[in-house]
*Asks:* 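Okay, handing you the structure first.
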Amino acid sequence: MEKSKNSELQSPKNTAVEGNAEGFSNKIKFPLWLYPKTMYEVNYRFESDNCGSRSEFIEKAINFYIGYLKQEKNVNYLSPRITSSVEAVINGSEQRINRNLFKIAVELGKLAHTIAAANEVDEETLRELHSMCVNEVRHINGVINFENAVRFQNE
């Protein structure tokens, strides 16, 4: 017995519609059930999204949602990659800062030994100087200004 055209459209397997003048080649027709509120939103929004039809709008929305679902899986892949990249940048910065701090400490040590060799400083003066410098650095929030130190010493 031969199938009628209606029975082919109602078959569970969706088939591609042959190309025609309206540009529906390779598209599949299937029933879609929507709530009235959803259909109202589609009717209201499809033209503002530069879609030529409600079908185009719905297909665009489906593709967007599929991309969203795929992206959720990619987060599990990308998150550790991004984390390791950020950690590498931080570690590189930390190493550069540590090398510079070491160089500064060496230079400061050389200055301290040179000044100590040129001046006779007793223990009491050294303790007072240390206390004064700690208070000054706290007060100026670590921003040391050579000109201000010279003015202070000349007072």
Side-chain angles (χ1 to χ4, degrees), residues 1-112 115 129-155:
M1 189 164 147
E2 218 176 286
K3 288 186 177 179
S4 70
K5 286 187 179 182
N6 287 339
S7 66
E8 286 178 10
L9 290 176
Q10 295 172 356
S11 68
K13 182 180 177 187
N14 294 326
T15 57
V17 176
E18 293 299 320
N20 57 27
E22 295 178 19
F24 289 111
S25 64
N26 299 323
K27 288 196 173 187
I28 298 171
K29 183 177 182 180
F30 70 98
L32 174 67
W33 292 84
L34 298 174
Y35 289 106
K37 183 178 179 182
T38 306
M39 193 62 203
Y40 172 79
E41 287 292 327
V42 169
N43 288 331
Y44 179 72
R45 306 243 181 231
F46 83 94
E47 288 177 344
S48 65
D49 195 34
N50 296 323
C51 293
S53 67
R54 291 182 298 262
S55 292
E56 183 183 350
F57 180 82
I58 291 169
E59 183 172 2
K60 197 172 178 182
I62 291 169
N63 286 332
F64 178 83
Y65 186 65
I66 289 170
Y68 168 78
L69 292 175
K70 286 180 180 178
Q71 194 264 335
E72 276 186 338
K73 291 179 183 176
N74 288 339
V75 166
N76 295 335
Y77 173 76
L78 290 177
S79 181
R81 302 291 180 256
I82 292 170
T83 302
S84 66
S85 295
V86 169
E87 284 176 353
V89 168
I90 289 171
N91 288 338
S93 297
E94 183 180 11
Q95 288 174 358
R96 283 190 299 279
I97 290 169
N98 287 340
R99 278 194 302 268
N100 285 334
L101 286 174
F102 179 81
K103 290 176 182 179
I104 291 169
V106 169
E107 292 301 315
L108 184 60
K110 291 184 333 190
L111 283 171
I115 292 170
L129 178 62
H130 177 78
S131 177
M132 182 192 75
C133 289
V134 167
N135 290 332
E136 182 183 20
V137 169
R138 281 186 187 146
H139 178 72
I140 62 175
N141 203 22
V143 180
I144 299 170
N145 186 318
F146 184 74
E147 288 80 10
N148 290 344
V150 169
R151 278 191 218 111
F152 176 80
Q153 291 301 321
N154 290 334
E155 289 178 353

*Asks:* When rounded to the nearest 0.5 angstrom, what distance separates CZ in Arg99 from CD in Glu94?
*Replies:*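 Here the interatomic distance stands at 11.0 Å.
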*Asks:* Below 4.5 Å, heavy atoms only, C-beta onward: do Glu41 and Thr38 meet side chain to side chain?
*Replies:*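 No; the side chains remain at least 4.5 Å from each other.
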*Asks:* The criterion is salt bridge (Lys or Arg N to Asp or Glu O under 4.0 Å); which residues satisfy it with Glu136, sequence neighbours excluded?
*Replies:*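 Glu136: no salt bridge (Lys or Arg N to Asp or Glu O under 4.0 Å) contacts found.
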*Asks:* At their closest point, which heavy atom of Cys51 faces which heavy atom of Lys60, and how far apart are they?
*Replies:* SG-CD, 3.9 Å
*Asks:* Under the side-chain hydrogen bond (donor to acceptor under 3.5 Å, both in side chains) test, which residues partner Glu107, sequence neighbours left out?
*Replies:*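 Lys110.
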*Asks:* Calculate, to the nearest 0.5 Å, the distance between atoms CZ and OH belonging to Arg45 and Tyr40 respectively.
*Replies:*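 These two atoms lie 8.5 Å from each other.
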*Asks:* Between atom CG of Asn43 and atom CZ of Phe57, what is the distance when rounded to the nearest 0.5 Å?
*Replies:*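 So the CG of Asn43 and the CZ of Phe57 are separated by 10.0 Å.
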*Asks:* Taking atom CD1 of Ile97 and atom CD1 of Ile104, what is their separation to the nearest 0.5 Å?
*Replies:*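 Going from CD1 on Ile97 over to CD1 on Ile104, the span is 10.5 Å.
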*Asks:* Under the side-chain hydrogen bond (donor to acceptor under 3.5 Å, both in side chains) criterion, do Arg151 and Asn148 qualify, and how do the steps go?
*Replies:* CA-CA 5 Å; Arg151 278 191 218 111; Asn148 290 344; 2.7 Å; yes
*Asks:* Between atom OG1 of Thr83 and atom CD1 of Ile90, what is the distance when rounded to the nearest 0.5 Å?
*Replies:*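 Thr83 atom OG1 to Ile90 atom CD1 measures 10.0 Å (nearest 0.5 Å).
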*Asks:* Please step through side-chain hydrogen bond (donor to acceptor under 3.5 Å, both in side chains) for the pair Ser93 and Arg96, ending with a clear verdict.
*Replies:* CA-CA 5 Å; Ser93 297; Arg96 283 190 299 279; 3.2 Å; yes
*Asks:* Starting at CG of Asn100, measure out to CD of Gln95 and round the result to the nearest 0.5 Å.
*Replies:* 12.0 Å
